[in-house]
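What follows is a set of notes on a single structure, which appears directly below.
For reference, positions follow the sequence shown, starting with 1. Being a predicted model, the structure only gives us computed values, none of them experimental.
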Amino acid sequence: HSLVKRRHPMSFRKALNWSMKPTRISVIAAYHSLERVIFTERLPGWPARPRREAGAVFTESITLPNKGSDQYLTIQSSRLAELAADKRVTPADAAKMPKIVAPLIGSATLCERGVKTQPISHHYKLLGLEITHLPSANTSTLVELGDAGQTSLSDIPHHFTLDRCFIHGHPTRESKRGISLQSAQTEITNSWVSDIHGIGYDTQAICGWAGPGPFRIINCQLEAAGE
């Protein structure tokens, strides 16, 4: 059943290459719980978008910071052109995507978010990515856009696009939420969210209650156990 509910070891320098007009920007990622700056300068001649090689596996959590620019930073698969622009992806497309695997949070039983944001982060596109967690542990949320506890509109992350992404848990492990939608101006299109389930609590493919939207969720496969 589909469910949408809205409530009140590869070098990163090689994997994340990009170019844009601002001359200085920080992109920070949590790498096995160690936050480090991947690059802070625009490098002439780098590709226009950060690319993650299809088939590569990154056991890490990615943090999207406030980068100080209204230009979109796009993180995409190196084989994005092989994923039709207006067609929903399926698990069979995973070989064309890099895989982001959320690591453990210092615990043997719970994983970190696969993708998360800092306050006021904005203008990111995630295209053609597989996002999951370690199959040896459970997770609460795979993609977290915004903070469920945020109280100020000025802190809310905004302008995100997730397109042609495969976001999933595992058949024998628990995942409470596929995407936590606590943001503004967010689009989720042509994506597949599945294997979101747990025992003794509600689960949602997409769930939000602390973000003002607007949200556009179009042509997606959304599977969760129930509410």
Side-chain angles (χ1 to χ4, degrees), residues 1-7 52 54-58 61-62 64 74-102 111 113-117 124-135 137-146 148 159-199 201-209 211 213-227:
H1 297 284
S2 297
L3 177 65
V4 181
K5 185 173 180 65
R6 183 177 189 275
R7 295 195 233 164
R52 294 190 161 223
V57 177
F58 299 84
S61 181
I62 294 178
L64 304 177
T74 302
I75 302 173
Q76 69 178 54
S77 170
S78 61
R79 296 176 63 183
L80 184 67
E82 298 177 47
L83 301 172
D86 296 319
K87 182 179 178 181
R88 182 195 308 143
V89 297
T90 74
D93 293 309
K96 301 172 185 176
M97 305 174 181
K99 180 186 289 189
I100 298 168
V101 182
C111 287
R113 276 76 168 133
V115 175
K116 56 187 177 180
T117 58
Y124 286 93
K125 294 183 180 182
L126 308 181
L127 309 181
L129 306 181
E130 179 181 359
I131 304 170
T132 186
H133 62 94
L134 289 172
N138 302 327
T139 192
S140 172
T141 302
L142 288 167
V143 176
E144 186 173 63
L145 303 178
H159 286 89
F160 296 96
T161 296
L162 282 74
D163 183 51
R164 289 165 283 175
C165 289
F166 175 31
I167 300 167
H168 66 94
H170 299 281
T172 60
R173 288 294 177 179
E174 298 185 17
S175 303
K176 185 173 184 179
R177 190 166 296 122
I179 301 173
S180 179
L181 199 55
Q182 320 298 344
S183 53
Q185 296 284 347
T186 301
E187 297 187 1
I188 305 170
T189 55
N190 306 307
S191 294
W192 185 290
V193 184
S194 61
D195 266 321
I196 308 300
H197 49 78
I199 299 173
Y201 54 86
D202 298 334
T203 63
Q204 306 92 22
I206 301 174
C207 187
W209 60 92
F215 305 125
R216 297 178 71 239
I217 303 170
I218 300 172
N219 193 33
C220 295
Q221 178 80 10
L222 304 173
E223 302 176 10
E227 172 67 31

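Using a cut-off of 4.0 Å between Lys/Arg side-chain N and Asp/Glu carboxylate O, Glu144 and Lys116 are scored as not salt-bridged.
Not one N or O on the side chain of Arg177 forms a donor-acceptor pair closer than 3.5 Å with the backbone of Cys207. A donor-acceptor pair under 3.5 Å is absent between the side-chain atoms of His197 and the main chain of Glu223, judged by distance alone. The backbone N or O of Gly198 sits nowhere less than 3.5 Å from a side-chain atom of Thr203 that would complete a donor-acceptor pair. Distance alone, capped at 3.5 Å, is enough to place a donor-acceptor pair between the Ser191 side chain and the Cys165 backbone.
Cys111 approaches Ala102 most closely through the heavy-atom pair SG-O, 3.6 Å. Counting all heavy atoms, side chain and backbone alike, Ser140 lies closest to Arg113 at CB-NH1, 3.7 Å. Residue Ser77 comes nearest to Gly128 through the heavy atom pair CB-O, 3.2 Å, listed as atom of the first residue, atom of the second, then distance. Shortest non-hydrogen contact noted between His168 and Thr132 is O-OG1, 2.8 Å. When all heavy atoms are compared, the tightest approach of Ile100 to Gly114 is CG2-O, 3.9 Å.
In this structure, Thr90 and Gln221 have side chains that are not in contact, with every pair of non-hydrogen atoms separated by 4.5 Å or more. Thr117 is not listed as a side-chain neighbour of Ser183, based on a closest heavy-atom distance of 4.5 Å or more. Between Ser175 and His133, some side-chain heavy-atom pair lies under the 4.5 Å cut-off. A heavy-atom distance below 4.5 Å is found between the side chains of Ile167 and Leu162.
Applying side-chain hydrogen bond (donor to acceptor under 3.5 Å, both in side chains) to Arg88 and the options Asn219, Asp93, Asn190 leaves one that passes, Asn219. Of the listed residues (Leu127, Asp86, Ile218), just one forms a side-chain contact (heavy atoms from CB on, under 4.5 Å) with Asp163, and that residue is Leu127. With Tyr124 as reference, Leu64 is the one residue of Val115, Leu145, Thr74, Leu64 to meet the side-chain contact (heavy atoms from CB on, under 4.5 Å) rule.
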Query raised in the report: Passes side-chain contact (heavy atoms from CB on, under 4.5 Å), Ile188 versus Leu181? Steps please.
Result: CA-CA 10 Å; Ile188 305 170; Leu181 199 55; 4.2 Å; yes

Requested in this report: Apply the test side-chain contact (heavy atoms from CB on, under 4.5 Å) to residues Ile196 and Leu142: give CA-CA distance (whole Å), side-chain angles for both, the deciding distance (0.1 Å), then the verdict.
Outcome: CA-CA 10 Å; Ile196 308 300; Leu142 288 167; 4.1 Å; yes

Query raised in the report: Please walk me through it: do Val89 and Met97 pass side-chain contact (heavy atoms from CB on, under 4.5 Å)?
Result: CA-CA 10 Å; Val89 297; Met97 305 174 181; 3.9 Å; yes

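Here the CZ atom belonging to Phe215 is positioned 9.5 Å from the CD atom belonging to Gln185, to the nearest 0.5 angstrom. Atom CD of residue Gln204 and atom CD1 of residue Ile179 lie 12.0 Å apart, to the nearest 0.5 angstrom. A distance of 12.5 Å separates CZ in Phe166 from CG in Leu129, rounded to the nearest 0.5 Å.
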